[in-house]
Amino acid sequence: MSARIAGLVAALSLAIPLSAACGAAPTESTSGSGGPDAKTATSAADFGGMDKLVEAAKKEGKLNVIALPRDWANYGELLDTFSQKYGITITSDNPDGSSSDEINAVKTLKGQDRAPDVLDLGQSFALSGAQEGLFAPYKVQTWDKIPDGQKAADGVWVNDYGGYVSIGCDAKRVANCPQTYADLLKPEYKGKVALNGDPTKAGAAFAGVYAASLANGGSFDDIQPGLEFFKKLKAAGNFNPVESTPATVQNGETPISIDWDYLNAGYADQFADKGVDWKVVVPGDGKYAQFYAQAVNKDAPHPAAARLWQEFLFSPEGQNLYLKGYARAVLLPAMQADGTADATAVAKLPAVEGTPTFPGEAQINKAKETLATGWGAAVSG
């Protein structure tokens, strides 16, 4: 979440002091085999270095991921590249699932070989999952380059990519595409405005309501104006309860979609030759940016592969693949400084003016509670 170069990641990464890298001597396996215990490893050093981590992950040979659509932030290429690079078979479960579904899977599949090894979570769910003790601490080799504000101090979650809330619109189905949240209330958009999921369960939709609050006199401390906005949108007949997905965008069910800018920008490319003229704008009256977080399941059935996946995602290779999918890589400022950033991908990021700010943990938790009790009433009927 940032603007072209003067946006989100750059703004906060360069402004926050960096923490020290972590490293420790290899730990002995609790199984008595004398090898490193992957389940308790907190860094590649605990395996004896990256080569040993790769060796351990290849020995497991499998990785379970969940809720990773292939067209979300270029995850299709990320998954394929990792699998081919290390010879590890990836099982991708419930690709269209929400952050809430991921947390539920960790709990309900605990102890099973099909439990998710790793998680990709909206910020509020990363925080709540950490509070419940669901994640294992792990610090990747690039840890010291990740801003303090984008990671848990103990490494139980780390932000890796993000974006701004945006409004996507099919210009072939909508004569005048909306530019702001205020525009969305216009009569011409009756039945056309959708969210990417339920804000009580999905990070993208949660962000959409938060942005609506900022556009209507609210703040990070008060998401209630966002609920009131969607209540008005519903009363006006403009709110479309259909969850926005690539399929609904392509077939015209959701001609206006409030979603992350990297997803909307991706749709513009994906459906350009299929009769969809998808336009994307970051609304100036509701500018909200946020990252998604990575976490390792504390009870991951393939703990070495889970940790290798983290190393891959936070490497220049993985971060550039996120950028290729229009997502703002958390390591972008550091990569621009050392010359490893993909300049072509950076130049294609949706432009945004100004410096982003972010809600704190207490503010996110409060907003989540407000939505849990008020969302249904706001859009029902």
Side-chain angles (χ1 to χ4, degrees), residues 1 62-102 105 114-122 125 159-163 166 168 194-197 201-205 207 242-251 253-254 257 259-276 278 280 291-295 297 302 305-306 308-315 317-330 342 344-345 348-350:
M1 321 161 176
K62 296 179 180 179
L63 177 73
N64 296 344
V65 303
I66 184 172
L68 297 185
R70 292 181 63 83
D71 50 14
W72 178 293
N74 201 27
Y75 261 120
E77 190 170 357
L78 279 156
L79 292 165
D80 292 346
T81 301
F82 178 82
S83 182
Q84 293 163 11
K85 182 171 186 172
Y86 297 111
I88 291 173
T89 300
I90 298 177
T91 299
S92 182
D93 187 39
N94 192 12
D96 294 321
S98 65
S99 293
S100 178
D101 292 330
E102 295 183 62
R114 63 193 186 99
D117 289 305
V118 290
L119 303 157
D120 176 281
L121 300 157
F125 294 92
N159 288 341
D160 57 345
Y161 71 92
S166 66
L195 281 169
N196 183 352
K201 299 177 181 179
V242 174
E243 177 180 342
S244 182
T245 67
T248 65
V249 166
Q250 184 179 352
N251 67 24
E253 280 186 89
T254 56
S257 176
D259 208 342
W260 295 119
D261 62 343
Y262 51 90
L263 296 183
N264 275 329
Y267 295 157
D269 285 349
Q270 188 176 352
F271 302 125
D273 60 350
K274 297 179 180 178
V276 178
W278 198 249
V280 186
F291 280 97
Y292 271 72
Q294 290 294 322
N297 181 359
H302 312 106
L308 182 59
W309 173 248
Q310 302 303 301
E311 295 287 359
F312 172 70
L313 294 182
F314 288 94
S315 70
E317 182 178 15
Q319 292 282 287
N320 274 322
L321 286 173
Y322 278 129
L323 283 167
K324 189 176 177 181
Y326 297 100
R328 323 278 174 160
V330 74
D342 182 338
T344 300
K348 291 182 178 180
L349 296 176

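All values below were derived from every heavy atom in this structure, side-chain atoms included, with hydrogens, water molecules and symmetry-related copies excluded.
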Verify the distance criterion only: is there a donor paired with an acceptor across the side chains of N264 and S166 at less than 3.5 Å?
yes

Please tell me if the side chains of N64 and I90 come closer than 4.5 Å, counting only heavy atoms from C-beta onward.
no

Report yes if the distance between the aromatic ring centroids of W309 and F82 is under 6.0 Å, otherwise no.
yes

To the nearest 0.5 Å, what is the distance between NE2 (H302) and CG (N297)?
11.5 Å

How long is the straight-line distance from CG of L323 back to CZ of R328, given to the nearest 0.5 Å?
9.5 Å

Are the side chains of Y262 and P350 in contact, using a 4.5 Å heavy-atom criterion?
no

V249 side chain near S244 side chain, heavy-atom distance below 4.5 Å:
yes

Applying salt bridge (charged side-chain N to carboxylate O under 4.0 Å, His left out), can you list everything that pairs with K62, at least two apart in sequence or on another chain?
none

Begin with the C-alpha distance, continue with both residues' side-chain angles, and end with the deciding distance and a verdict on side chain to side chain contact (heavy atoms under 4.5 Å, CB included) for S257 and W278.
CA-CA 10 Å; S257 176; W278 198 249; 3.9 Å; yes

Determine whether W72 and P95 make a side-chain contact, defined as any pair of heavy atoms from C-beta on separated by less than 4.5 Å.
no

Please tell me if the side chains of P116 and V65 come closer than 4.5 Å, counting only heavy atoms from C-beta onward.
no

Ignoring hydrogens and angles, state whether a donor on the side chain of W260 or Y326 is under 3.5 Å from an acceptor on the partner side chain.
no

Single hit among E311, E77, E317 for salt bridge (Lys or Arg N to Asp or Glu O under 4.0 Å) with K85:
E317

Salt bridge (charged side-chain N to carboxylate O under 4.0 Å, His left out) filter on R114, not counting sequence neighbours, yields none

Rounded to the nearest 0.5 Å, how far apart are CG of D120 and OG of S99?
7.0 Å

Let me confirm one number: the CG-NZ distance from D342 to K348, rounded to the nearest 0.5 Å.
8.5 Å

Please walk me through it: do N196 and D259 pass side chain to side chain donor-acceptor pair (under 3.5 Å)?
CA-CA 6 Å; N196 183 352; D259 208 342; 3.0 Å; yes

Might you work through the side chain to side chain contact (heavy atoms under 4.5 Å, CB included) test for L313 and L78, ending with a clear yes or no?
CA-CA 8 Å; L313 294 182; L78 279 156; 3.9 Å; yes

Is it true that a side-chain atom of N74 and a backbone atom of L321 form a donor plus acceptor pair closer than 3.5 Å?
yes

Residue pair N94 / E102, side-chain heavy-atom distance below 4.5 Å
no

Heavy atoms, side chains only, cut-off 4.5 Å: are L68 and L79 in contact?
yes

With sequence neighbours left out, the residues meeting side-chain hydrogen bond (donor to acceptor under 3.5 Å, both in side chains) with D80 are R70

Between E243 and L195 (side chain of the first, backbone of the second, donor and acceptor by atom type, cut-off under 3.5 Å), is there such a pair?
no

Should L63 and I88 count as side-chain neighbours, where that means a heavy-atom distance under 4.5 Å?
yes

Looking at residues at least two apart in the chain, or sitting in another chain, which of them share a side chain to side chain contact (heavy atoms under 4.5 Å, CB included) with Q310?
V118, Y138, V140, Q294, V296, F314

To the nearest 0.5 Å, what is the distance between CG (L119) and CG (L121)?
5.0 Å

For Y322, what residues pass the ring pair (Phe, Tyr, Trp, His ring centres under 6.0 Å) criterion, not counting sequence neighbours?
Y75, Y161

How far apart are the closest heavy atoms of G197 and A205, and which atoms are they?
O-CB, 3.3 Å

Which pair of non-hydrogen atoms, one from G163 and one from D261, has the smallest distance, and what is that distance?
CA-OD1, 3.3 Å

Residues in salt bridge (charged side-chain N to carboxylate O under 4.0 Å, His left out) with K201, at least two apart?
none

